[in-house]
> 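First, the structure itself, so that you have it in front of you.
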Protein chains: 2
Amino acid sequence: MRAAVLTTKDKILQAAAEIAMEVGPVHLSLDAVARRAGLSKGGLLYTFPTKAKLLEALVEHHVAEFDESLRMQEAKRNHKVNSVVQACIEVYRAEFVLNEPEPSGILAAIANDPSFIDPIRRYNKQLLDRMKENSEDPTMALIAFLTIEGLRSLKLLDMDTLTHEDQITAIDGLRQLFAPCDPDKPSQPATG
Amino acid sequence: MRAAVLTTKDKILQAAAEIAMEVGPVHLSLDAVARRAGLSKGGLLYTFPTKAKLLEALVEHHVAEFDESLRMQEAKRNHKVNSVVQACIEVYRAEFVLNEPEPSGILAAIANDPSFIDPIRRYNKQLLDRMKENSEDPTMALIAFLTIEGLRSLKLLDMDTLTHEDQITAIDGLRQLFAPCDPDKPSQPATG
DNA sequence: TTTACTGTACCGTCCGGACGGTAAAGTCAA
DNA sequence: TTGACTTTACCGTCCGGACGGTACAGTAAA
């Protein structure tokens, strides 16, 4: 059952996310999802008995993927100071560099029912707490969290506000602010 | 109160935004909007001939309000270095302090049709350009922009990730990073 | 008389979901 | 090895309800 290829569930999730981004979460219909995922509506309903279950899975999938990436990055950094912030930056960077085709999906969930965002709410709260605990400067940890949140939201809403270069600049800027051995106060970072 | 009497348009826009936030953009129906705005569906359709026009107005309203606040803040700062970033910070701070009841609305628009976000896309691009031009350090301008975007997105998605204190900390942190460092210029008083 | 609605009735379409199949794969006793 | 049965993974159809939008007659104020 655990095939190396894309499972039916994954195909459905991906199809749903794509359609939601293309036509807007409001027009995300089970018919369309089934069609794009390459099965019938009956088959779709077999896999996800209700639309709500599908959307729930979309959110869970999103959180789980992020968490996995984050933990991998954190493992490289053995709980050193700022390691959580650094890991977050690298996760975003990796997503960005690989140009991972991971369209919203969660927007569709929220659009259908705002309470679907609760797992993300909980996850982010924990994440932020860990960042603050693990950081030398809680204020800067907060700003790092928000900066990444900003980047993620632009992606979520499919905004091309930042050019490719801008994104690299932002990520590298963050990286430098939270570089492994930087005891200096980064209030006036003179780059170059 | 800018006007004791809220115009019908404003009432409708507000009602739509509220409903969208409560039950999710997918379940934003004209019937419900009319009911909450205190008029009939016929009356609603008289004011906004289609749902699309309503959603468009929602986005326009949002951008226009932000732009007005931003220009007011900028006017206080006469094009000095970092004044655009500072103005943005203050606009967000004012919204936050006043606890302005301005629920998403734009999320509903995007959920119905992703292209409704285009005006915001354009606006934000211009804003970022102005920030960069006006800043000493374009990288830090970028980070400031993203931080504010992060704050705004958390509000947009109705996420309570940051406590009230966290938000104050973040805003003050930003303020400090972009404080007028010119000794000739007196710093802004904290309370208004 | 115009503006700005109210209120009712209705239409066509779309969509979620229920339901009844069904074909293939696996299980297992004889 | 075979036949009987179960499970898995779907297919295709149908229905009730919601929703956007139309049409139109009425009304109260300016």
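Residue numbering restarts at 1 for every chain, and letters A, B, ... go by the order of the sequence lines.
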> Check the distance between C:dC14's C1' and A:K51's NZ and give it to me in whole angstrom.
11 Å

> I'd like to know if B:K53 and B:E60 make a salt bridge, using a cut-off of under 4.0 Å between side-chain N and carboxylate O.
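Looking at B:K53 and B:E60, the cut-off is not met.
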
> How long is the line joining CG of A:L54 and P of C:dG16, in whole Å?
10 Å

> Any carboxylate oxygen within less than 4.0 angstrom of a Lys/Arg side-chain nitrogen, looking at A:D129 and A:K125?
no

> In this structure, how many angstroms lie between the C1' atom of D:dC19 and the CD1 atom of B:I19, rounded?
14 Å

> Below the 4.0 Å mark, does D:dC10 have OP1 or OP2 next to a side-chain nitrogen or oxygen of A:T8?
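Yes, within the criterion.
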
> Atom CG of B:L45 and atom C1' of D:dC24: how far apart are they, to the nearest Å?
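Checked: the CG to C1' distance equals 13 Å.
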
> Between A:N134 and A:S83, which heavy-atom pair has the shortest distance, and what is it?
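Heavy atoms of A:N134 and A:S83 come nearest at OD1-N, 2.8 Å.
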
> When rounded to the nearest 0.5 angstrom, what distance separates CG in B:L58 from NE2 in B:H61?
8.0 Å

> For the pair made of CG in A:L44 and P in C:dC15, what is the distance, rounded to whole Å?
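Rounding to the nearest Å, CG of A:L44 and P of C:dC15 are 14 Å apart.
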
> To the nearest Å, how far apart are B:Y46 OH and C:dT2 C1'?
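Interatomic distance, OH of B:Y46 to C1' of C:dT2: 9 Å.
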
> Reading nucleotides 25-30 of chain D 5' to 3', which nucleotides get B (base under 4.0 Å from a protein heavy atom), which S (sugar-phosphate only), which -?
------

> Which residues in residues 27-43 of chain A have at least one heavy atom lying under 4.0 Å from any atom of DNA chain C?
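Heavy-atom contacts with DNA chain C come from A:L28, A:S29, A:L30, A:K41.
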
> Checking all strands, does A:T47 fall into the base, sugar-phosphate, or nothing category for heavy-atom contacts under 4.0 angstrom?
nothing

> Which heavy atom of A:A109 sits nearest a heavy atom of A:V59, and at what distance?
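Heavy atoms of A:A109 and A:V59 come nearest at CB-CG2, 3.5 Å.
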
> Is B:R35 paired with B:D31 through a side-chain N to carboxylate O contact shorter than 4.0 Å?
no

> Rounding to a whole Å, what distance do you find between A:K9:NZ and D:dT8:P?
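One finds 13 Å between P of D:dT8 and NZ of A:K9, rounded.
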
> When clusters are formed from ILVMFWY side-chain contacts under 4.5 Å, directly or step by step, what else is grouped with A:V26?
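Noted: A:V26 shares its cluster with B:V26.
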
> If you measure from the Lys or Arg side-chain nitrogens to the Asp or Glu carboxylate oxygens, is any gap between B:E90 and B:K76 under 4.0 Å?
no

> Just one of B:R130, B:Q86, B:H79 clears the side chain to side chain donor-acceptor pair (under 3.5 Å) bar with B:E74, so which one?
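Among B:R130, B:Q86, B:H79, the one that satisfies the side chain to side chain donor-acceptor pair (under 3.5 Å) with B:E74 is B:R130.
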
